[in-house]
K.L.:
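For reference, the structure I am asking about is given below.
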2 protein chains.
Amino acid sequence: MTTDDRPIPSVWARPSRGRREQPALSRQQIVAEAVRLLDAEGVDALSMRKLGTRLGAGATSLYRHVANKDELVELAVDEVFGELRAPDMSDPAHWREATIACAQGIRAVILRHPWMASMLGAMAYLGPNLMRLSEDMLAMLEAAGFPLAEANGAMNTVFAYVLGMTGSEAAWLTMLARSGQSEDEWAERLKPAFEDLHRTHPRLSALFTAQADEDPGRRREEEFAYGLNRILDGVSAARTTPA
Amino acid sequence: MTTDDRPIPSVWARPSRGRREQPALSRQQIVAEAVRLLDAEGVDALSMRKLGTRLGAGATSLYRHVANKDELVELAVDEVFGELRAPDMSDPAHWREATIACAQGIRAVILRHPWMASMLGAMAYLGPNLMRLSEDMLAMLEAAGFPLAEANGAMNTVFAYVLGMTGSEAAWLTMLARSGQSEDEWAERLKPAFEDLHRTHPRLSALFTAQADEDPGRRREEEFAYGLNRILDGVSAARTTPA
DNA sequence: CCAGTTAGCGAACACTGTACGCATCGCCGG
DNA sequence: CCGGCGATGCGTACAGTGTTCGCTAACTGG
């Protein structure tokens with residue numbers, strides 16, 4: 001137990017177990033493990049060495065399958081977007097429900113992998129999985145009576161909203177998680193500064209107190225749905241065949 | 001010239017120039033220089049040592065005025081949001097124009113400092129400058145006939161949209177800048193893959209070709225304005241006194 | 001004029017991403 | 001059967017990172 005774990009250069013003890021017990025490393029495996037590491041320990045914990053160790057490999061071995069850390073992250077982002085299954089877009093009459101389902105799907109994916117928020121602002125994402133989703137949404141909106149240009153505008157608007165809203169949400173949640181405090185503890189900690197807030201920012205203060213005894217998760221869901229519905233209201237006028 | 005730049009421990013050559021020629025270092029100065037460095041060289045180039053050198057100081061001196069690099073970045077973000085002057089919100093009848101002006105102001109600020117995009121997804125921003133702006137916008141929307149809760153929903157929706165849209169925009173632009181290519185060169189480079197795109201994603205392909213000979217900057221401006229107007233359309237129904 | 005507070009700094013530590021070259025493996029043509 | 005070959009993993013090394021810890025030297029209040 002103590003003799004053979006030291007790398008003694010002896011011909012007899014040479015392991016010689018073929019490297020091909022497993023295919024050892026593959027791009028898919030690396031990306032999947034990277035996603036797992038990011039989910040578990042957050043964006044700062046992703047280092048090539050740690051990822052290598054998790055895969056039972058040296059750090060630099062990863063570079064045989066991935067050019068950069070940046071490329072690895074790009075692949076991880078696309079991998080996560082691959083979780084998205086396009087919702088049922090068969091019935092054009094339900095374009096609103098389908099769009100809402102799609103938006104909530106994206107939101108759920110980002111909240112499941114909060115590190116995505118940090119990435120999306122730092123890279124122009126053009127991966128195949130999101131392109132497929134875009135094409136499907138365009139087709140659905142066109143079938144629902146939107147001219148292509150309007151469909152594009154509507155989709156971009158919805159998508160930007162989802163990104164912005166969910167990005168802030170994810171950032172807030174990871175900040176909470178990192179500080180190890182609950183949402184209520186945070187509110188409690190702000191109580192002292194509240195007197196000033198009420199004086200200088202009465203409206204913000206009123207909103208805070210009004211939201212104090214709601215379930216935060218539920219409240220965020222409803223706020224997300226509220227804005228989304230207003231956007232769909234505004235967008236629906238662009239249809240050529242109203243309903 | 002070659003003799004006195006070596007730190008010889010001689011009492012005679014002791015510099016003795018009072019450290020207080022300038023107040024040396026201050027938090028304001030550090031943050032301002034950090035913003036300048038971020039603007040000039042991008043987010044990866046911000047390191048404590050480089051920033052210190054720029055200020056004619058050692059790297060670790062900064063820690064007397066700033067707790068962390070993270071805190072420094074937080075301060076830099078708030079500093080930049082300080083550029084925002086709340087637009088004229090005196091006339092409640094022009095709430096739409098005022099909101100548009102505010103949104104375009106935020107967009108302009110982020111595009112002027114594209115590194116902001118990477119930060120906003122990675123931190124929950126609660127700085128005083130944005131809080132002031134939020135309070136002003138709430139006041140304006142309330143004066144325009146929105147109940148406070150609806151004003152809050154509208155503001156959050158608009159703000160999420162601006163963040164998402166402009167964030168993607170900034171990410172794309174910094175990617176272009178880093179690759180040193182122009183937008184047209186990028187389109188040219190994608191020409192080979194275009195045949196496939198047309199086959200598998202006909203709608204996206206159609207949109208690309210339709211946008212090929214527009215000025216990209218103008219096009220982005222218009223897309224931004226389009227979505228913003230749809231959102232304001234959808235939101236305006238929540239006013240109690242319609243107009 | 002002296003004590004105490006404080007700003008700045010040099011050195012050091014634990015890590016990071018990544019380039020390079022070497023060892024080793026499965027395979028494949030002769 | 002076997003020798004070379006391309007692919008794969010990895011040890012080492014390098015330049016650079018954020019941050020801590022004492023040390024010096026200046027300013028400031030009594």
Side-chain angles (χ1 to χ4, degrees), chain A residues 5-30 33-34 37-38 41-76 119 122-123 178, chain B residues 5-30 33-34 37-38 41-76 119 122-123 178:
Chain A
D5 56 354
R6 304 264 294 282
I8 304 174
S10 149
V11 201
W12 322 116
R14 187 76 51 76
S16 156
R17 42 179 172 131
R19 184 192 342 159
R20 293 282 176 277
E21 300 170 352
Q22 311 261 58
L25 247 46
S26 83
R27 171 178 286 204
Q28 265 313 310
Q29 210 181 3
I30 293 176
E33 188 65 35
L37 176 55
L38 284 165
E41 307 194 35
V43 67
D44 298 325
L46 177 64
S47 82
M48 298 306 261
R49 290 189 235 264
K50 194 182 287 198
L51 183 57
T53 315
R54 281 205 166 208
L55 289 160
T60 63
S61 309
L62 308 176
Y63 285 89
R64 294 279 163 193
H65 306 265
V66 157
N68 280 352
K69 191 186 182 187
D70 288 351
E71 185 184 297
L72 174 75
V73 166
E74 216 158 335
L75 290 169
M119 308 285 110
M123 56 184 280
R178 225 180 359 174
Chain B
D5 56 353
R6 303 266 294 282
I8 304 173
S10 150
V11 201
W12 321 116
R14 185 77 51 78
S16 159
R17 41 178 174 134
R19 181 187 349 152
R20 292 282 176 273
E21 300 170 354
Q22 309 262 54
L25 246 48
S26 83
R27 172 179 286 206
Q28 264 314 309
Q29 209 181 3
I30 292 176
E33 188 65 34
L37 177 56
L38 284 165
E41 307 194 35
V43 67
D44 298 325
L46 176 64
S47 82
M48 299 305 262
R49 291 188 235 264
K50 193 181 289 197
L51 182 58
T53 315
R54 282 205 167 208
L55 288 160
T60 64
S61 309
L62 309 175
Y63 285 89
R64 292 278 161 194
H65 307 265
V66 156
N68 280 353
K69 190 187 181 186
D70 288 352
E71 184 185 297
L72 173 75
V73 165
E74 215 157 338
L75 290 169
M119 309 284 111
M123 55 184 282
R178 224 181 358 175

K.L.:
Report the end-to-end axis angle of the helix from C:dC1-D:dG30 to C:dG30-D:dC1; each axis comes from five terminal pairs, and the value is rounded to 10°.
P.N.:
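Roughly 10° between the end axes, to the nearest 10°.
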K.L.:
Anything under 3.5 Å between a protein N or O and an N or O of nucleotides 10-12 of chain D, put it in a table, one pair a line.
P.N.:
residue: D:dC10; atom: OP2; partner: A:G58; partner atom: N; Å: 2.8
residue: D:dC10; atom: OP2; partner: A:S61; partner atom: OG; Å: 2.9
residue: D:dG11; atom: O6; partner: A:T60; partner atom: OG1; Å: 2.8

K.L.:
Minimum heavy-atom separation for B:G52 to B:L62, with atom names?
P.N.:
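Between these two residues, the closest heavy atoms are N-CD1, 4.0 Å.
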K.L.:
Could you list the residues that satisfy side chain to side chain contact (heavy atoms under 4.5 Å, CB included) with B:S47, not counting sequence neighbours?
P.N.:
B:R49, B:K50
K.L.:
Roughly how many Å is it from CG in B:L55 to P in C:dG8, rounded to a whole number?
P.N.:
10 Å
K.L.:
Tell me, which pairs form a side chain to side chain donor-acceptor pair (under 3.5 Å) where one or both residues lie in residues 62-71 of chain A, sequence neighbours left out?
P.N.:
A:R27-A:E71
K.L.:
Any non-hydrogen side-chain atom of B:L46 less than 4.5 Å from a side-chain atom of B:V73?
P.N.:
yes
K.L.:
The criterion is side chain to side chain donor-acceptor pair (under 3.5 Å); which residues satisfy it with B:R54, sequence neighbours excluded?
P.N.:
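By the side chain to side chain donor-acceptor pair (under 3.5 Å) rule, B:R54 matches B:E33, B:E41.
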K.L.:
Using atom CG of A:L62 as one end and atom P of C:dT16 as the other, report the distance to the nearest whole Å.
P.N.:
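Nearest whole value for this atom pair: 13 Å.
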K.L.:
Please tell me which of A:D70 and B:H65 maps to the more 5' nucleotide of DNA chain C, matching each residue to the nucleotide holding its nearest heavy atom.
P.N.:
B:H65
K.L.:
What's the NZ-P distance between B:K69 and D:dT20, to the nearest Å?
P.N.:
14 Å
K.L.:
Could you report the tightest heavy-atom contact between A:L38 and A:A76, atom names first, then the distance?
P.N.:
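Looking at all heavy atoms of both residues, the shortest contact is CD1-CB, 4.5 Å.
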K.L.:
Within residues 41-48 of chain B, find the residues that approach DNA chain D with a heavy atom at under 4.0 Å, and present them sorted by residue number.
P.N.:
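Output list: B:L46, B:S47, B:M48.
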K.L.:
To the nearest Å, how far apart are B:L51 CG and D:dG18 C1'?
P.N.:
13 Å
K.L.:
Closest heavy-atom contact between A:S61 and A:L25?
P.N.:
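Looks like CB-CD2, 4.0 Å.
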K.L.:
Can you tell me how far C1' of D:dT17 sits from NZ of B:K50, to the nearest Å?
P.N.:
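The distance from NZ of B:K50 to C1' of D:dT17 comes to 12 Å, rounded to the nearest Å.
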K.L.:
Tell me: OH of B:Y63 to P of C:dG8, nearest whole Å?
P.N.:
15 Å
K.L.:
Calculate the interatomic distance between B:L72 atom CG and D:dT17 atom C1'; express it in whole Å.
P.N.:
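Nearest whole value for this atom pair: 15 Å.
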K.L.:
Does any part of the side chain of A:L75, heavy atoms only, come nearer than 4.5 Å to the side chain of A:I30, both counted from C-beta?
P.N.:
no
